[in-house]
> 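Before we start, here is the structure in question, set down as structure tokens.
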Amino acid sequence: MGEPRYILVGVAWPYASGSLHLGHLGGAYLPPDVFARYHRMVGNRVLMVSGSDAHGTPITVKADQLGVTPAEVVERYHAEIVGYWEKLGISFDLFTTTMTDNHREVTWDMFRRLEANGYIVTGTSEQFYDPEAERFLPDRYVEGTCPHCGYDAARGDQCDNCGRQLDPVDLIEPRSRITGATPVMKETTHYFLRLSAFQDRILEWLRTREGWRRHVQNMAIGFCEEGLQDRAITRDLTWGIPLPPELDTIGEGKRIYVWFEAVIGYLSASKEWAARQGDPEAWRAWWENPEAETYYFIGKDNIVFHAVIWPCQLMGYGGLNLPTNVPANQYITFKGAKASKSMGVGRSIGWYAERLQPDALRYAIASVFPEQNDTDLSDEELVRRINEELVSTWGNLVNRVLTMVAKNHGGRIPASGVLQPGDVALLSSIDRALEEEAELIERVELRAGLRRVMEAATEVNVYLNANAPWKAEDPERAATVLWVACNAINGLKVGFAPYLPFSSQTLHRMLGLQGEVGDDGWVRSRLEPGLEIGPVEPLFEKVELSQLT
RNA sequence: GGCGGCGUAGCUCAGUCGGUGAGAGCGCUCGACUCAUAAUCGAGAGGUCGGCGGUUCGAGUCCGCCCGCCGCUACCA
């Protein structure tokens, strides 16, 4: 192992406008945690950041519904979301929000630099305007009759009845959601990001990426090949980050559009983390060091923003690292329906976290990470994964081995006699499993990585059945077999740790070891005979389906 | 409508550059074992690889058309 690598793990910023569900967990939040934990164990310098997205129309819509301010909406859901991460051990180095002064300053810095570099220009467009409220209306604030299905409460961006995408001007008899007034078209001036200026550079860059998921790379390239158009980065709104004062010259009531500003959160959060560490320059090791690697974990709906537009912003700013990879996931669906906040399908992460052990939930979700396809999940499947795979194969393996140590060897790691070829083969097989799992995780094939460790756990079960230490016809041989099994488990503990951090740590202590499970790095360390193990308790409990009703 | 991805065993999924009989886990059937959370191990059954057509000595894999699901389509981000 050489010098530590610098690994920046950027995680999609959830809207603080509602609860998150298991689809979010499996699509965007658990994968980066597994990835980050692995890299930390290897000895790399990981910085994993994200936060709640405080701006955007969904927040103001929610605030209107609840009759509270947007900031209150953000605070409420931010607290709930932070609670998920604590319960499930999603190990952010910083999980902040986009409401901070720091984020505003960093956003302004990027805005100013892009403007100075000629990548931000002004332009005009026509937008619906509510003459009674005297304000411009976002598409979602315009209602009317759907031209396709006749539904009379279609939103300006989409019809909830027939699902068609709409343009507000297509609505029949449009009206303002705020006052009910008939909106009028009015010219408005905005700043535009000159994406067109990056067309060739970004395509060249995208085409030369290696190791990216097919759907991510093709999606991004396809988007660029259609021709990048300049895109407005300001809105006529009152909720959002204001323009830098000296550039706030294009009319009243302008705010920076949330898509431009939210992705900057990766940079601003890195700076906030550094400041909190007492070393305000520390972020540079991940952003300016050309050897550093940057991974963005997002859902497939966010590919264009992270694989095209954000890289354009970074190129235009200059001197900051582009993404190494954007391992976007597909969706976890629940019985075929997309688990989405707006549809209210599926229950929140917190709901499940209250009813399941954190590692049980992490296991079930990690084993269905939607890396290539949408993956369907149900409560029955969740329970089955936990009981038939996690508890039976791994939990029971630990339990059967340690119970024998406790009962037959006075609770101490037994002394090993001369190892037979089968003993050596098992231990080297565990070591090989760790190496292969590491390769899979490096390629962000996390689901396969987990399967690889489980396979190794099965090998230990096979070994035990073949060597039957409980028969004890030859006590020294029985002790040797058990010593080998203990060491195998100690190696598997390492491989499971990124996925199952809580129970791996529990096992670490149960084996009589001090410190943290990752202290020795990504290796199987040797358990010495005579080591006193702790009280033996099952790592996991079986789950009843009725717990999830 | 356009663009991208996906469609493989009852279920959830792997299948690199097209190449001997199409894979895994779970479930199911049978058997072994009994240290362990009715856990473990072995064997077996189970598939027209969404459909049709084409290229090829050879197609799950490449090409065309069609069907279905998901995402994007620039004011959701």
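Chain A is the first sequence line, chain B the second, and so forth, proteins listed ahead of strands; every chain is numbered from 1.
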> How many whole angstroms separate atom CD of A:Gln158 from atom C1' of B:rC72?
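About 13 Å, once rounded to whole Å.
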> Looking at B:rA74, B:rC26, B:rA36, which one has an atom nearest to any side-chain atom of A:Arg231?
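Within the option list, the nearest is B:rA74.
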> For atom C1', what is the distance between B:rA14 and B:rG71, given to the nearest Å?
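So the two C1' atoms sit 23 Å from each other.
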> Would you say A:Lys542 reaches B:rA39's phosphate, i.e. side-chain N/O to OP1/OP2 under 4.0 Å?
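Checking B:rA39 against A:Lys542, a side-chain N or O does come within under 4.0 Å of OP1 or OP2.
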> From CG of A:Asn387 over to C1' of B:rU37, roughly how many Å is that when rounded to an integer?
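Those two atoms, CG and C1', are 10 Å apart.
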> Which nucleotide in the set B:rU37, B:rC76, B:rG4 lies at the smallest distance from any side-chain heavy atom of A:Pro538?
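For A:Pro538, the side-chain atoms sit closest to B:rU37.
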> Using a strict 4.0 Å threshold on nitrogen-to-oxygen distance, state whether A:Glu371 and A:Arg447 make a salt bridge.
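No.
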> At a cut-off of 3.5 Å, list every protein nitrogen or oxygen paired with a nitrogen or oxygen from nucleotides 41-46 of chain B, distance to 0.1 Å.
unit_1: B:rC41; atom_1: O4'; unit_2: A:Asn465; atom_2: ND2; d: 2.6

> Between B:rC28 and B:rC69, how far apart are the two C1' atoms, rounded to whole Å?
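My reading of the C1' atoms in B:rC28 and B:rC69 gives 29 Å.
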> Taking the six-membered ring for Trp, are A:Tyr141 and A:Phe128 ring centroids under 6.0 Å apart?
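Centroid distance A:Tyr141-A:Phe128: not below 6.0 Å, so no.
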> RNA chain B: A:Pro58 or A:Gln330, which has the more 5' nearest nucleotide?
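Looking at RNA chain B, the more 5' nearest nucleotide goes with A:Gln330.
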> Please confirm whether A:Tyr191 and A:Phe111 have ring centers closer than 6.0 angstrom.
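Centroid separation for A:Tyr191 and A:Phe111: below 6.0 Å.
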> Step by step, would you call A:Thr189 with A:Lys254 a side-chain hydrogen bond (donor to acceptor under 3.5 Å, both in side chains)?
CA-CA 9 Å; A:Thr189 302; A:Lys254 306 292 180 184; 5.8 Å; no
> Hey, is CD on A:Glu476 packed in by over 12 heavy atoms from elsewhere, all under 6.0 Å?
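No.
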> CD of A:Glu541: more than 12 outside heavy atoms within 6.0 angstrom?
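Not more than 12 within 6.0 Å, no.
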> When you look at A:Met185 and A:Val169, which way does the side chain to side chain contact (heavy atoms under 4.5 Å, CB included) test go after all the steps?
CA-CA 9 Å; A:Met185 291 304 279; A:Val169 297; 4.1 Å; yes
> Dump the pairs, protein N or O against N or O of nucleotides 62-66 of chain B, anything under 3.5 Å, distances to one decimal.
none

> Distance between the P atoms of B:rC66 and B:rC26, in whole angstroms?
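Per the computed distance, 41 Å lies between those P atoms.
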> State which of B:rU37, B:rC76, B:rC26 makes the closest approach to the side chain of A:Asn399.
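Ranking B:rU37, B:rC76, B:rC26 by closest atom to the A:Asn399 side chain puts B:rU37 first.
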> On RNA chain B, nearest-nucleotide positions of A:Phe540 versus A:Asp157: which is more 5'?
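With A:Phe540 and A:Asp157 compared, the 5'-side residue is A:Phe540.
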> What is the distance from CD1 of A:Ile221 to P of B:rG2, rounded to the nearest Å?
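From A:Ile221 CD1 to B:rG2 P: 21 Å.
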> If you measure from the C1' atom in B:rG51 to the same atom in B:rG7, how many Å do you get, rounded?
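Looking at atom C1' only, B:rG51 and B:rG7 are 11 Å apart.
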> For A:Leu539, which contact category applies under a 4.0 Å heavy-atom criterion: base, sugar-phosphate, or nothing?
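Base contact - A:Leu539 has a heavy atom under 4.0 Å of at least one base atom.
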> Please write out each protein N/O paired with an N/O of nucleotides 12-15 of chain B under 3.5 Å, distance rounded to 0.1 Å.
unit_1: B:rU12; atom_1: O2'; unit_2: A:Arg385; atom_2: NH2; d: 2.8
unit_1: B:rU12; atom_1: O2'; unit_2: A:Arg447; atom_2: NH2; d: 3.3
unit_1: B:rC13; atom_1: OP1; unit_2: A:Asp374; atom_2: O; d: 3.2
unit_1: B:rC13; atom_1: OP1; unit_2: A:Thr375; atom_2: N; d: 3.4
unit_1: B:rC13; atom_1: OP1; unit_2: A:Thr375; atom_2: OG1; d: 2.7
unit_1: B:rC13; atom_1: OP1; unit_2: A:Asp376; atom_2: N; d: 3.1
unit_1: B:rC13; atom_1: O5'; unit_2: A:Arg447; atom_2: NH2; d: 3.4
unit_1: B:rA14; atom_1: OP2; unit_2: A:Asn373; atom_2: ND2; d: 3.1

> Could you give the distance separating B:rG4 and B:rC62 at their P atoms, to the nearest angstrom?
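Each nucleotide's P atom is 14 Å from the other's.
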> I'd like to know whether A:Met454 forms a side chain to side chain contact (heavy atoms under 4.5 Å, CB included) with A:Phe496, so could you lay out the CA-CA distance, the side-chain angles of the two residues, the decisive distance to 0.1 Å, and finally the verdict.
CA-CA 9 Å; A:Met454 275 306 243; A:Phe496 277 116; 3.5 Å; yes
> Centroid-to-centroid, A:His55 to A:Tyr257, below 6.0 Å?
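Judged by ring-centre distance (under 6.0 Å), A:His55 and A:Tyr257 do not meet the cut-off.
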> With sugar-phosphate meaning primed atoms plus P, OP1 and OP2, does A:Gly227 contact a base, only sugar-phosphate, or nothing at under 4.0 Å between heavy atoms?
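Contact class for A:Gly227: base.
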> Distance between the P atoms of B:rC76 and B:rC17, in whole angstroms?
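Here B:rC76 and B:rC17 have their P atoms 37 Å from each other.
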> More than 12 heavy atoms of other residues, nucleotides or ligands under 6.0 Å from CD of A:Gln65: yes or no?
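Yes, enclosed.
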> For A:Val401, which of A:Leu464, A:Val481, A:Val484, A:Val536 qualifies under side-chain contact (heavy atoms from CB on, under 4.5 Å)?
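The option that passes is A:Leu464.
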> Can you tell me which stems RNA chain B forms, taking runs of 3 or more consecutive Watson-Crick or G-U pairs with both distances under 3.5 Å?
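Stems (3+ consecutive pairs) listed as B:1-7 with B:67-73, B:10-13 with B:23-26, B:28-32 with B:40-44, B:50-54 with B:62-66.
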> Can you tell me how far P in B:rG15 sits from the matching atom in B:rU55, rounded to whole Å?
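Straight-line distance between the two P atoms is 29 Å.
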> Side chain of A:His215 only, please: which of B:rG5, B:rC76, B:rG71 is the nearest?
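The answer is B:rG5.
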> Please state how far atom CH2 in A:Trp470 lies from atom P in B:rA32, giving the value in whole angstrom units.
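To the nearest whole Å, that distance equals 16 Å.
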> Starting at CD of A:Glu544 and ending at P of B:rA38, how long is that distance when rounded to a whole Å?
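For the pair A:Glu544 CD and B:rA38 P, the rounded distance is 12 Å.
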> Roughly how many Å is it from CZ in A:Arg443 to P in B:rU16, rounded to a whole number?
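In whole Å, B:rU16 P lies 13 Å from A:Arg443 CZ.
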> Taking salt bridge (Lys or Arg N to Asp or Glu O under 4.0 Å) as the test, write out the residues that go with A:Lys493, two or more places apart.
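None.
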> Among B:rU37, B:rC26, B:rU40, which is the nearest nucleotide to the side chain of A:Glu389?
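Closest nucleotide among those given: B:rC26.
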> Say you pick atom C1' in B:rG2 and the same atom in B:rG46; how far apart are they, in whole Å?
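42 Å, rounded to whole Å.
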> Are A:Phe297 and A:His306 near enough that their ring centres are under 6.0 Å apart?
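A:Phe297 vs A:His306: aromatic centres not under 6.0 Å.
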> Expressed in angstrom and rounded to an integer, what is the separation of A:Arg235 atom CZ from B:rA74 atom P?
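Answer to the nearest Å: 12 Å.
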> Taking all atoms of both residues into account, what is the closest heavy-atom pair of A:Trp13 and A:Thr97, and its distance?
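Closest pair (atom of A:Trp13, atom of A:Thr97, distance): CZ3-C, 4.0 Å.
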> Applying the side-chain contact (heavy atoms from CB on, under 4.5 Å) criterion to A:Ile309, which one of A:Val304, A:Ile233, A:Leu314 satisfies it?
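Between A:Ile309 and the candidates, side-chain contact (heavy atoms from CB on, under 4.5 Å) is satisfied uniquely by A:Val304.
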> For A:Asn218, check side chain to side chain contact (heavy atoms under 4.5 Å, CB included) against everything at least two apart and list the hits.
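A:Asn218 satisfies side chain to side chain contact (heavy atoms under 4.5 Å, CB included) with A:Arg214 once adjacent residues are dropped.
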> Counting heavy atoms from C-beta on, name the nucleotide in B:rC35, B:rC72, B:rC3 closest to the side chain of A:Glu226.
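Output: B:rC3.
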> NA contact type, A:Val391, heavy-atom cut-off 4.0 Å: base, sugar-phosphate, or nothing?
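Counting heavy atoms under 4.0 Å across all strands, the contact made by A:Val391 includes a base.
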> Closest approach to the side chain of A:Asn218, judged atom by atom: which nucleotide of B:rG4, B:rC26, B:rG71 is it?
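The closest nucleotide is B:rG4.
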> Before we go on, tell me: are the rings of A:Trp259 and A:Phe305 under 6.0 Å apart, centre to centre?
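Yes; A:Phe305 has its ring centre under 6.0 Å from that of A:Trp259.
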> When we call it a touch if two heavy atoms are under 4.0 Å apart, what does A:Leu228 touch: a base, just sugar-phosphate, or nothing?
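A:Leu228: base contact, heavy atoms under 4.0 Å.
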> Whether the side chain of A:Asn396 and the base of B:rA36 hold a donor-acceptor pair under 3.5 Å is what I'd like checked.
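For A:Asn396, whose side chain was compared with the base of B:rA36, there is a donor-acceptor pair (under 3.5 Å).
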